[in-house]
There are 2 protein chains.
Amino acid sequence: MNLDATDKKILGLLQSNAQLTMKEIASRINLSLTPVHDRIRKLEREGFIDKYVCLLNRRKLGKSLLVYCNVTLDKQRKESFEEFNAAISSMPEVLECCVVSGNFDYLLKVVANDVEAYNQFYQQKLSVLNSVLHISSFFVMSEVKGTTELPL
Amino acid sequence: MNLDATDKKILGLLQSNAQLTMKEIASRINLSLTPVHDRIRKLEREGFIDKYVCLLNRRKLGKSLLVYCNVTLDKQRKESFEEFNAAISSMPEVLECCVVSGNFDYLLKVVANDVEAYNQFYQQKLSVLNSVLHISSFFVMSEVKGTTELPL
DNA sequence: GTTGAAACCGGTTGTCT
DNA sequence: AGACAACCGGTTTCAAC
């Protein structure tokens, strides 16, 4: 399926604020309720919209530390990747994890309350994995930008 | 303000699905409508909930390429940081950008349609900045995990 | 904190152009 | 595909317990 300009406008509005009413969306793009309604349902059905969520405030929740870390796996062991993927998936501290090109294997984005909590995570959950060969951590000192909005 | 177990349950539900009705939330945590309503409004007012958004499907929108890149700035120039921050803020391709500890300055998360589009971005938008000294790009080959849900 | 009622508003559906 | 109108369900506010 192909998106037209109207669909993109709707997606743009919803990804910046999912609480906009259909009325508001309709008036902003100069349309009536019905087509807005039908288009949104279609965009959901077709999988353009993955889910509706609320974004929580990291600092308010005490998770003031953000850390990116590079992980290299022991590639001698064939089970390493599955093992590591499964382990990571069940760690709530890890928000993002992906396999990257370059001289290490994984890039992780991790949240923690403070340096001590991160150290706990590092020593007791990450470095204990048999699949892990090497880890290097990069502490985030300042967040310039952090959005979930994709360009349309 | 301090969160109790009930608040955390509510936040947990909302950050996984912001379309749950108050009725549904109430029944899942064995409470009546009124306190659920009041708690959510309070969590919004106090800033625990930043915003409600919808998450779009990157691939469906043609943005199948995810790239992380490390950027080193020219620290001889005092204006470099402000210049770079301002430039990045206005680039829709850049979803995340932060200052990190270690041997480079910034870590960026960038989306693009394909390698060619990324190269365009790289050559015409990123490397042309006077503040930029060095860039290295890491292409994401597989996304193991990618969530906006914070641990509670 | 619970229950119930009432007003309001947005989402939903059917029908028409 | 878009407009209009009627209906349904959730939210919001109130009261009383």
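Reckoned from all heavy atoms, side chains included, excluding hydrogens, waters and symmetry mates. Proteins get letters first, then strands, A, B, ... in listed order; numbering begins at 1 in each.
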Here the ring-ring contact (aromatic ring centres under 6.0 Å, His included) pairs for residues 122-150 of chain A, sequence neighbours left out, are A:Tyr118-A:Phe139, A:Phe138-B:Phe104
Residues 23-72 of chain A vs ring-ring contact (aromatic ring centres under 6.0 Å, His included), sequence neighbours excluded, gives none
Beyond-backbone contact of [X] with [Y], side-chain heavy atoms, under 4.5 angstrom:
{"X": "A:Leu108", "Y": "A:Ile88", "value": "yes"}
{"X": "A:Leu126", "Y": "A:Cys69", "value": "yes"}
{"X": "A:Ile29", "Y": "A:Leu13", "value": "yes"}
{"X": "A:Leu3", "Y": "B:Leu61", "value": "yes"}
{"X": "A:Met141", "Y": "B:Val100", "value": "no"}
{"X": "B:Leu66", "Y": "B:Glu143", "value": "yes"}

Treat a base pair as Watson-Crick or G-U wobble with both distances under 3.5 Å, then lay out DNA chain D in dot-bracket form, 5' to 3', with | for cross-strand pairs.
-> ||||||.||||||||||
Does the distance from a Lys or Arg side-chain N to an Asp or Glu carboxylate O, for [X] and [Y], drop under 4.0 Å?
{"X": "B:Asp114", "Y": "B:Lys63", "value": "no"}
{"X": "B:Arg39", "Y": "B:Asp4", "value": "yes"}
{"X": "B:Lys75", "Y": "B:Asp105", "value": "yes"}

Mind listing the residues from residues 10-21 of chain B sitting with a heavy atom below 4.0 Å of DNA chain C? Number order is fine.
-> none
Mind listing the residues from residues 34-45 of chain B sitting with a heavy atom below 4.0 Å of DNA chain C? Number order is fine.
-> B:Thr34, B:Pro35, B:Arg39
Which nucleotide span of DNA chain D, 5' end to 3' end, has atoms closer than 4.0 Å to non-hydrogen atoms of chain A?
-> D:dG2 to D:dC4
So, B:Lys51 and A:Asn17: side-chain donor and acceptor under 3.5 Å apart, yes or no?
-> no
